[in-house]
Amino acid sequence: IENDSLELFSSLENDNKQARTFKIIVIGDSNVGKTCLTYRFCGGSFLKNPEATIGVDFRERTVQLDGERIKLQIWDTAGQERFRKSMVEHYYRSVHAVLFVYDMTSLLSFESIPEWISECSRHSVGPLVPQVLVGNKCDLRESCQVPTSAAQSLADSHNIPLFETSAKDPSEKEHIDAIFLTLAYRLKSNKTLRLKQPSESSLREMRDQQEQDATSCRC
Ligand SMILES: Nc1nc2c(ncn2[C@@H]2O[C@H](COP(=O)(O)OP(=O)(O)OP(=O)(O)O)[C@@H](O)[C@H]2O)c(=O)[nH]1
Ligand SMILES: [Mg+2]
């Protein structure tokens, strides 16, 4: 009886324990599908007519990994320079993982990846921060401009895993889950990570900035 009640107690304790939260930023050129990918992961469906992201959109999903609840706080960032420049510092502050995205039908978006990687390092995102490279829009096979071999060698040279997927194709839904879960597993087992949460005041400051950007440069 004693054993049973101990087990019950520890499982109750587990349920009550707050889920650990990890901040994942999604980075890449405008129009590559960052909003659609994050929407697919958090909302389940394909977002048909997304607008260009201004500043950042927050999405969230809690997953259960080996009996632990993990909350993934996903920062869907803006690809357009004018909608992101005032926010860059906020993107990288206390980030736990990074997802780089390019569009498989746009060579230019792929050629930007090294710049996104170096922006990351300039903001002191070190090698302990899990990263993945994602080629999106694999459903548009005929218009593909980025050979898998080229993407793979870029990924290898940075020691980052590569995934090719589609936010649009419903049969890729589980694959998108797996991409985010790859990061979540690495975060869960990385005991050395500091789990600093963004403070309320810095979030407020960021939202004010976002409103300013939205009203001043919709041209
Ligand atoms: N065919 C296809 N189209 C996609 C896919 N993902 C996104 N799109 C389309 O690509 C366009 C851009 O998608 P977004 O998700 O808004 O791109 P973004 O990277 O968030 O762009 P910014 O917010 O400006 O940085 C939209 O017209 C989407 O419908 C995909 O997997 N396949
Ligand atoms: Mg967007």
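Note that ligands are numbered from 1 as they come in the structure, with each ligand's atoms numbered from 1 the same way.
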Check each atom of ligand 1 against the heavy atoms of [X] and keep those under 4.0 Å away; list them by number with element.
X    : answer
K48  : 29 (O)
G79  : 22 (P), 25 (O)
A78  : 25 (O)
K34  : 15 (O), 17 (O), 18 (P), 19 (O), 20 (O), 21 (O), 22 (P), 25 (O)
L140 : 1 (N)
A52  : 23 (O), 24 (O)

Note to self: Is it the case that the side chains of Q145 and S106 hold a donor-acceptor pair, with the cut-off being a distance below 3.5 Å and no angle test?
What the structure shows: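 Side chains of S106 and Q145: no pair found under 3.5 Å.
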Next item on the list: For the residue pair W75 and D57, confirm or rule out a side-chain donor-acceptor distance under 3.5 Å.
Entry: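 Distance-only check fails for W75 and D57.
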Give the residue, atom name and distance (to 0.1 Å) of the protein heavy atom nearest [atom].
atom                    : value
atom 26 (C) of ligand 1 : P50 CG, 3.8 Å
atom 17 (O) of ligand 1 : G33 N, 3.1 Å
atom 21 (O) of ligand 1 : N31 N, 2.9 Å
atom 31 (O) of ligand 1 : A167 N, 2.8 Å
atom 24 (O) of ligand 1 : S30 OG, 2.6 Å
atom 28 (C) of ligand 1 : C36 SG, 3.8 Å

Item checked: Shortest non-hydrogen separation from P50 to T35 and the atoms involved ->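 Heavy atoms only, the tightest pair is CB-CG2, 4.3 Å.
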Notebook entry, point to check: What are the two closest non-hydrogen atoms of N136 and A167, and how far apart are they?
Noted result: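 That would be OD1-N, 3.1 Å.
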Hey, are [X] and [Y] close enough for a salt bridge, meaning a charged N less than 4.0 Å from a carboxylate O?
X    : Y    : answer
D76  : K34  : no
R84  : E119 : yes
D177 : R61  : yes

Checklist line | Other residues, nucleotides, ligands: >12 heavy atoms within 6.0 Å of Y39 OH | finding: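 Open.
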Next item on the list: Check each heavy atom of N136 against ligand 1 and say whether those closer than 4.0 Å belong to the side chain, the backbone, both or neither.
Entry: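 For N136, the contact with ligand 1 is made by the side chain alone.
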Margin query: Would T62 and R69 count as a side chain to side chain donor-acceptor pair (under 3.5 Å) here? Give the steps.
Written below: CA-CA 7 Å; T62 302; R69 277 169 61 239; 5.4 Å; no
Next item on the list: Would you indicate whether the side-chain heavy atoms of I25 and Y92 approach each other to under 4.5 Å?
Entry: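 A side-chain contact exists here, since the closest heavy-atom pair is under 4.5 Å.
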Next item on the list: Return yes when F46 approaches ligand 1 closer than 4.0 angstrom through a heavy atom, no otherwise.
Entry: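 The answer is yes: ligand 1 sits under 4.0 Å from a heavy atom of F46.
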Next item on the list: Determine if the distance from atom 13 (O) of ligand 1 to the closest protein heavy atom is below 4.0 Å.
Entry: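 Yes, at least one protein heavy atom sits under 4.0 Å from atom 13 (O) of ligand 1.
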Note to self: Considering D139, V101, I176 one by one, which has a heavy atom nearer to atom 1 (N) of ligand 1 than any of the others?
What the structure shows: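 Heavy atom nearest to atom 1 (N) of ligand 1 belongs to D139.
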Notebook entry, point to check: If you measure from atom 8 (N) of ligand 1 to every heavy atom of K137, M104, E172, K168, which option wins on shortest distance?
Noted result: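 Looking at heavy atoms only, K137 sits closest to atom 8 (N) of ligand 1.
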Note to self: Within 2.8 Å of the Mg ion (ligand 2), is there any N, O or S atom belonging to T77?
What the structure shows: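 No, outside the cut-off.
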Note to self: Please determine whether T53 has a backbone or side-chain N, O or S atom lying under 2.8 Å from the Mg ion (ligand 2).
What the structure shows: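 Under 2.8 Å: T53 contacts the Mg ion (ligand 2) through an N, O or S atom.
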Margin query: Using the side chain to side chain contact (heavy atoms under 4.5 Å, CB included) definition, which of the options V26, I160, V132 pairs with F100?
Written below: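 It is I160, the one option of V26, I160, V132 that forms the side chain to side chain contact (heavy atoms under 4.5 Å, CB included) with F100.
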Check: Checking side chain to side chain contact (heavy atoms under 4.5 Å, CB included) against S166, which of K173, E172, H175 comes through?
Finding: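 That would be E172.
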Item checked: CG on L108 to CG on N31, rounded to 0.5 Å ->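 Taking CG in N31 and CG in L108, the distance rounds to 12.0 Å.
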Heteroatom distance test ([X], ligand 1): nitrogen or oxygen, under 3.5 angstrom:
X   : result
Q80 : no
G28 : no
T35 : yes

